[in-house]
Amino acid sequence: DDNMGKHRTPSERAIIFCAGLAELSLDETNNLLQAATFPKIPESSYAMVRKSYIPRFRESAADLRENIYHPKPIGDL
């Protein structure tokens with residue numbers, strides 16, 4: 001499984017989080033990641049991002065910015 005905090009760079013998280021906000025599909029998101037030479041995100045991880053992170057980011061751009069650079073564990077959202 002993917003760990004947004006430990007294994008992803010800020011650039012990767014920016015792509016993943018923005019793709020989630022834009023409601024891109026898993027395939028569209030993985031195409032963007034691969035075009036930037038990053039590894040794909042697993043389906044379960046992308047589903048978790050969309051369920052746990054995206055609703056919070058819709059409410060606060062500051063939370064989005066903070067989590068790109070300093071990701072919070074799911075339990076702290």
Side-chain angles (χ1 to χ4, degrees):
D1 220 36
D2 203 39
N3 182 320
M4 292 304 296
K6 299 292 183 187
H7 299 112
R8 295 285 180 176
T9 66
S11 299
E12 289 171 279
R13 288 190 293 270
I15 291 170
I16 293 165
F17 292 156
C18 289
L21 280 167
E23 300 182 4
L24 297 185
S25 70
L26 177 66
D27 287 339
E28 290 170 314
T29 302
N30 280 327
N31 287 340
L32 290 172
L33 287 167
Q34 289 190 301
T37 68
F38 296 130
K40 291 181 176 183
I41 185 170
E43 183 176 3
S44 61
S45 296
Y46 192 53
M48 178 272 305
V49 166
R50 291 180 72 178
K51 178 182 176 190
S52 300
Y53 287 90
I54 299 308
R56 185 173 183 94
F57 299 157
R58 288 196 199 299
E59 296 174 12
S60 172
D63 282 344
L64 173 59
R65 184 187 191 291
E66 182 65 22
N67 275 277
I68 287 172
Y69 289 103
H70 307 286
K72 294 179 184 174
I74 291 293
D76 292 346
L77 292 178

J.: Filter on side chain to side chain donor-acceptor pair (under 3.5 Å), then keep only pairs touching residues 29-38, sequence neighbours left out; what's left?
T.: Thr29-Tyr46
J.: Not counting sequence neighbours, which residues clear side-chain contact (heavy atoms from CB on, under 4.5 Å) with Pro55? List them please.
T.: none
J.: Could you report the tightest heavy-atom contact between Arg8 and Pro39, atom names first, then the distance?
T.: NH1-O, 3.0 Å
J.: How long is the gap from CZ on Phe57 to CD1 on Ile68, to the nearest 0.5 Å?
T.: 7.5 Å
J.: Output the distance between atom NE2 (His7) and atom CD (Glu12), rounded to the nearest 0.5 Å.
T.: 11.0 Å
J.: List for me each residue that meets side-chain contact (heavy atoms from CB on, under 4.5 Å) alongside Ala36, sequence neighbours excluded, and say none if there are none.
T.: Ile15, Phe38
J.: Could you tell me which residues satisfy side-chain contact (heavy atoms from CB on, under 4.5 Å) with Ser25, sequence neighbours excluded, listed by chain and number?
T.: Asp27, Glu28
J.: Which heavy atom in Tyr69 sits nearest to a heavy atom in Arg13, and how many Å separate them?
T.: O-NH2, 3.8 Å
J.: Between CG of Leu24 and SG of Cys18, what distance do you get to the nearest 0.5 Å?
T.: 9.5 Å
J.: Work out which heavy atom in Gly20 is nearest to a heavy atom in Arg50; give both atom names and the distance.
T.: CA-CG, 4.4 Å
J.: Holding to side-chain contact (heavy atoms from CB on, under 4.5 Å), I want the full list of residues that pass it with Arg58, two or more places apart in sequence or in another chain.
T.: Leu21, Glu23, Ile54
J.: Taking atom NE2 of His70 and atom CZ of Arg65, what is their separation to the nearest 0.5 Å?
T.: 8.0 Å
